[in-house]
Q: 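Okay, here's the structure, questions in a sec.
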Amino acid sequence: MTVRVRIAPSPTGNLHIGTARTAVFNWLYARHYNGKFILRIEDTDEARSRPEYTENIKSGLAWLGLTWDEGPFFQTQRLDQYQQAIQTLLDRGLAYLCYCTPEELDQMREEQKAKGLAPRYDNRHRNLTAEAKAALEAEGRKPVIRFKIDDDRSVVWQDAVRGRVVWQGGDLGGDMVIARAGDTSAFGQPLYNLAVVVDDIDMDITHVIRGEDHIANTAKQILLYEALGAKVPVFAHTPLILNQEGRKLSKRDGVTSINDFRKLGFLPEALANYMTLLGWTPPDSTEEIFTLAEAAEKFDLDRVNKAGAKFDWAKLDWINSQYLHKMSAQDLVELLVPYWEEAGYEVNLDSDRYWWESLTAMVAPSLTRLVDVVKETRLLVAESVEYTPEAVEFMQQKGVKEVIEQVIGAISETTSLEAADGKAIIKDVTKSLKVKKGLVMRSLRAGLTGEMHGPDLIQSWLLLHQKGWDKGRLEKALSLI
RNA sequence: GGUGCUGUAGACAAAAUGGUAAAGUCACCUGCCUUUCACGUAGGGGUUUGCGGGUUCGAGUCCCGUCAGCACUGCCA
């Protein structure tokens, strides 16, 4: 039997981290068993679904490297299949028309709550007489279709993550709606639980791997599988991703769409790596940096955790930095350009690639996210400098002025400056002024970059020199002393 | 209210059939490197396994009770 799994997001928002993590697990499982990973867009909620979200989901999955083998399939293009299934259930007497209005249902639930009872549908229209039906219809009511769920029925399945799960029919909320009320003909749009089951049957899905917030749906869906005479797949419910407060991560938590992570400068490999760790532990391994392909070799459902996983920015940052630091400057600089441009700097790699690459090589170790490059190189990518109060204060110190003056003198005589030349100049100045080398170094750093901390001084100096900015900056520094 | 799930250091978590001082990673602290920061590197501290009982020579691992957190409870998915 070929393993067939799927990710089935609804296009009612951008690709969410939770959906993406579920996609990762499904992808990993498919790859591990040499199976198929299918993408299905669940757009039956036409009011909330939008095509741009579908695009966002597709591009997000592709960006993460979660390529799908089949699809995308769209539920809105499969309406006939759902109608057929609904008709079958109706014909078999397993489903019926319910004429309750939303208001009636609300009221019913209110009353139940007031009495301390669990809110549920009381199956009141399950056995309507023909006359009653006609009367309700005469009122102009449009029926929904409900699927019968017997209270005393118990649903049992062997969950690949949680083990044996037992669910009582009576705890499922009464007969469930599987199709909305239609404004005209037979029945309206099919609802999630029905559509999912029909699709999973048609697409031969063998393993349904999804978040644990779907557990109750699974019980309902198993009943539908049975009613439709189909084989029930294996279910696996993965733990939820939690925010800092321990609640299910939601849009309310700010950065939760894959798009956001991308913009912040996380690498897809790093994000995927981290998501893999959220709820799964590789067997006998202490190494936590790995590619999706490597994870796929070891991935299986039996090592998926049951407890929810808190999302930890610090760990994601660390993983991202590991990937960043491993990259070559040639590759990295390409990824960095958009961030510089976004910050308003002009970058032309065609004409000035060497310089930008050198700059990249110098600051790479201090980057955690791509966007950090703006802050890290701010002092080097423009001709002008701003001097921090700390730097100005330092430069007021005795001896700094002389150091800077001498350095200006030295570079005025040089055309090309190499690392060795820079070091020589520093040495000469140190000697001739009889000061400590540290003073010279710090004077230069302050005068050249306007700050007391930053990347390698000599390298920074060379880069500035290549742009012809070093002398001007030092002169400006002098004017502040 | 009901149903279900979960509970090992700040975070992620590992610990066949119960058996030595409860892995590892991140974070944190310290030294080294860099006459800066970061990176890197070498170390270090922290949990007695939600809590309370019980079984046992011995329990994170079994039993009972208790508390807490979360999820679900839609003509959303």
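On a predicted model such as this, the values are computed, not experimentally measured, just so you know. Here is how names work: the chains are called A, B, and so on, in the same order as the sequence lines, proteins then strands, and each is numbered from 1.
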Q: Need to verify one output field. Residue with the more 5' nearest nucleotide on RNA chain B, A:Leu191 or A:Asp171?
A: A:Asp171
Q: Output the rounded distance in Å from CD (A:Gln459) to P (B:C39).
A: 19 Å
Q: Nearest to the side chain of A:Arg109 - B:C39, B:C75, B:G1?
A: B:C75
Q: Could you tell me if A:Arg146 sits above the aromatic ring of A:Tyr121, with its cationic atom closer than 6.0 Å to the ring centre and no more than 45 degrees from the axis?
A: yes
Q: On the nucleotide B:C70, are OP1 or OP2 found under 4.0 Å from the side-chain N or O atoms that A:Arg247 carries?
A: yes
Q: Of A:Glu245 and A:Leu117, whose closest RNA chain B nucleotide lies nearer the 5' terminus?
A: A:Leu117
Q: Which nucleotide, if any, forms a Watson-Crick or G-U wobble pair with B:U66, using both distances under 3.5 Å?
A: B:G50
Q: Between A:Lys310 (NZ) and B:A13 (C1'), how many Å, whole number?
A: 14 Å
Q: In whole angstrom, give the distance that lies between atom CH2 of A:Trp280 and atom P of B:C12.
A: 18 Å
Q: What is the distance, to the nearest angstrom, from the CE atom on A:Met362 to the C1' atom on B:C37?
A: 12 Å
Q: In the structure shown, which nucleotide is the Watson-Crick or G-U wobble counterpart of B:A42, with both distances under 3.5 Å?
A: B:U30
Q: By the definition side-chain hydrogen bond (donor to acceptor under 3.5 Å, both in side chains), identify the one residue from A:Lys148, A:Arg124, A:Arg120, A:Arg126 that meets it with A:Asp175.
A: A:Arg126
Q: Does any donor atom in the side chain of A:Asp43 or A:Tyr53 lie under 3.5 Å from an acceptor atom in the other side chain?
A: no
Q: Could you work out which one of B:G1, B:A13, B:C75 sits closest to the side chain of A:Ala118?
A: B:G1
Q: Please pick, from B:U36, B:A71, B:U6, the nucleotide with the shortest atom-to-atom distance to any side-chain atom of A:Leu240.
A: B:A71
Q: Write down the distance between CD (A:Glu46) and P (B:C75), rounded to a whole number of angstrom.
A: 18 Å
Q: Which one of A:Arg445, A:Arg473, A:Lys375, A:Arg378 satisfies the salt bridge (Lys or Arg N to Asp or Glu O under 4.0 Å) criterion with A:Glu451?
A: A:Arg378
Q: Are A:Phe261 and A:Trp313 an aromatic pair, judged by ring center distance below 6.0 Å?
A: yes
Q: Given the side-chain rings of A:Trp280 and A:Phe299, with only the six-membered ring counted for Trp, is the space between their centroids under 6.0 Å?
A: yes
Q: Check whether more than 12 heavy atoms from other residues, nucleotides or ligands sit under 6.0 Å from atom CD of A:Glu104, and answer yes or no.
A: yes
Q: What nucleic acid atoms does A:Gly279 come within less than 4.0 Å of, heavy atoms only: base, sugar-phosphate, or nothing?
A: sugar-phosphate
Q: OH of A:Tyr323 versus C1' of B:U25: gap in Å, rounded?
A: 14 Å
Q: Tell me which nucleotide, if any, is Watson-Crick or G-U wobble paired with B:A14 when both distances must be under 3.5 Å.
A: none
Q: Return the nearest nucleotide to the side chain of A:Glu42; candidates are B:A77, B:C37, B:A13.
A: B:A77
Q: When we call it a touch if two heavy atoms are under 4.0 Å apart, what does A:Gln322 touch: a base, just sugar-phosphate, or nothing?
A: sugar-phosphate
Q: I want to verify a distance call: between B:U36, B:C75, B:U6, whose nearest atom is closest to the A:Arg445 side chain?
A: B:U36
Q: Would you tell me if any nitrogen or oxygen in the side chain of A:Lys248 comes within less than 4.0 Å of OP1 or OP2 on B:C72?
A: yes
Q: Scan A:Val177 against the nucleic acid and name what it touches under 4.0 Å (heavy atoms): base, sugar-phosphate only, or nothing.
A: sugar-phosphate
Q: Between the base of B:A13 and the side chain of A:Asn305, is there a donor-acceptor distance below 3.5 Å?
A: no
Q: Looking for any heavy atom pair under 4.0 Å, which part of the strands does A:Thr44 touch: base, sugar-phosphate only, or nothing?
A: sugar-phosphate
Q: Distance between the P atoms of B:G58 and B:A11, in whole angstroms?
A: 32 Å
Q: Looking at A:Glu212 and B:G4, is any side-chain donor or acceptor paired with a base atom of the opposite kind under 3.5 Å?
A: no
Q: Which of the following nucleotides, B:U6, B:U3, B:U25, is nearest to the side chain of A:Trp167?
A: B:U3
Q: What's the closest nucleotide to the A:Arg303 side chain, out of B:A11, B:A14, B:U36?
A: B:A14
Q: Heavy atoms under 4.0 Å, any strand shown: does A:Pro455 hit a base, just sugar-phosphate, or nothing?
A: base
Q: Would you mind pulling out the nucleotide paired to B:G2, Watson-Crick or G-U wobble, both distances under 3.5 Å?
A: B:C72
Q: Would you indicate, yes or no, if B:C76 has its OP1 or OP2 atom less than 4.0 angstrom from a side-chain nitrogen or oxygen of A:Arg180?
A: yes
Q: Please pick, from B:U6, B:C75, B:G1, the nucleotide with the shortest atom-to-atom distance to any side-chain atom of A:Pro119.
A: B:G1
